[in-house]
Amino acid sequence: MPVYSDKVMEHFMHPRNVGEIENPDGVGEVGNPICGDMMTFYIKVKDNRLADVKYKTFGCGAAIAVSSMVSEMAMGKTLEEAMKITPRTVADELEGLPQNKFHCSNLGAQALHKAIQDYRGKKKGGK
Amino acid sequence: MRKVYLDNAAATPLLPEVREAMLPYLGEVFGNPASLHDWGDKAREAVESARIQVAQLIGANPEEIIFTGSGTESNNLAIKGLALAQQGKGKHIVVSAIEHFSVLHSVQTLGKWGFEMTLVPVDKYGVVDPEAVRKSLRKDTVLVSIMQANGEAGSIEPIAEISKITRERNILFHTDAVATAGTIPVDVDELGVDSLSLAGNQFYGPKGVGVLWVRKGVRIMPFLEGGVQEGGRRAGTENVPAIVGLGKAAELARVNMSARLKQLTPLRDRLLTELPARIDHVVVTGHLKQRLPGHASFCIEFIEGEAMLMLLNSQGVAVSSGSACTSRALKASHVLIAMGIPHALAQGSILFTLGMDSNAQDIDYVLEVMPPIVDRLRQMSPLYAKFLKTGKGGK
């Protein structure tokens, strides 16, 4: 087995908030299957807060655990708070990630930020 | 929970008979085979009788057997040792694109000393075309190295056909038989090669010992120098217990080979047929027939190998994968890529290698636990969601 923390293993075995949101307010997709990991985050926003966060992830154990952790960290947060979630804070919450997985599998925060930017862009566009 | 070990390409269990044969050499028989007294004689006799056992496995002469520390060392010694001994004649080496890194990296290192390499491609089944080897030969080609079977692809290469070509041209031919020797019949004269690597941990012997066979009369430059062990071709005090274990494992492999083949082949075929029948969008990798007896490999679309491997492990099943995430370098297996498998599909690589402890219940168990694991990961996969919506993104 890869050297994963108990927390990573727990999130990998029991990932939270997996799925898609019908008519999401924002969508963020990062990565590609060629490099190994790909994540799509879906958000629902209410009163400037993340009312719902879901995702789909293609990738290794770390990628799945990262997605799960990001969704948990982001749920209910204001958009500003959610933008402060970083790969480092996600890895810390997961009690560490193997060094070689830190960059390639730790895309969850980026995908979430993209979903929030997508939402903001749509709002600006008057939708 | 049921425990099912299907990673025999990585390591096989040590047979009890092999362990028994080794034990005296981890205890009272501790002499150095080079010593000129009774203690030394006993150790030397053990090494020499192991040499005969290994020679018999591959139809060789005992004096042509060089004991090394691993299959990797054997390949390093063959590639570097044969090429350097021939460099007066030329500096061109031909290897297949799916060779083990112990061969590929050795050839790359020789590049620093002016050697050039031609990589021969494989077809989608991972098989080398002998004519492609013929076309790659040059006036200055001094060495060809094509493995007998790749442990990942599982396909068996047409070594005897290729050696006809190298012999016409008087070019040395090395084959890496680590995945085949002790598993399927291997005879150095039938293969027509000049050197061959094998390792005992592929056929229920100990780790830490390998063999390079070099045909009598072929010059090889040693790179471990010191004493005159192994005819001066590999210096260093012999790992006597491991060599004894390898010898015993070789003898048992030779005697029991047809029984082992009969046990493994139907189990393999059941897995190769049934897994794609029970799970959609599964590709068998490697050749279906011309294949190692215990080897079943697949690419499962839309999901990634490490996640599959971890969920299988949680169900007591040990397998391996050639996905990028499972490799330390985070690169998809060069073998799968050489077979023309797209990077995204290669991520779903999964490899089952059966062994003599495998039985029908193990295969039933795998066929039972695999579909829900694949389903679970696909439910999570954005690639699968896209495929369901658009019908695109499939292989």
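So that the names make sense, note that chain A is the first sequence line, chain B the second, and so on, each numbered from 1. Since we're looking at a predicted model, the values are computed, not measured. Note: hydrogens, waters and symmetry copies are ignored here, and every other heavy atom, side chains too, is used.
Residues A:V18 and A:Y55 have side chains in contact (heavy-atom distance under 4.5 Å, counting atoms from C-beta outward).
A salt bridge between A:E20 and A:K54 is absent, with no side-chain N of the basic residue lying under 4.0 Å from a carboxylate O of the acidic one. Between A:E80 and A:R49 no salt bridge is recorded (no basic side-chain N to carboxylate O distance below 4.0 Å).
Contact annotation for B:S314: only side-chain heavy atoms (C-beta onward) come within less than 4.5 Å of a heavy atom of chain A. Heavy atoms closer than 4.5 Å to chain B are found nowhere in A:A63, neither backbone nor side chain. Interface remark: A:D37 contributes side-chain atoms only to the contact with chain B (heavy atom separation under 4.5 Å).
Using bins of under 30°, 30° to 60° and over 60° for the plane-to-plane angle, the ring pair B:Y384/B:F302 lands in the tilted bin.
Counting heavy-atom pairs closer than 4.5 Å to chain A, the top-ranked of the candidates B:A385, B:A344, B:A307, B:P382 is B:P382.
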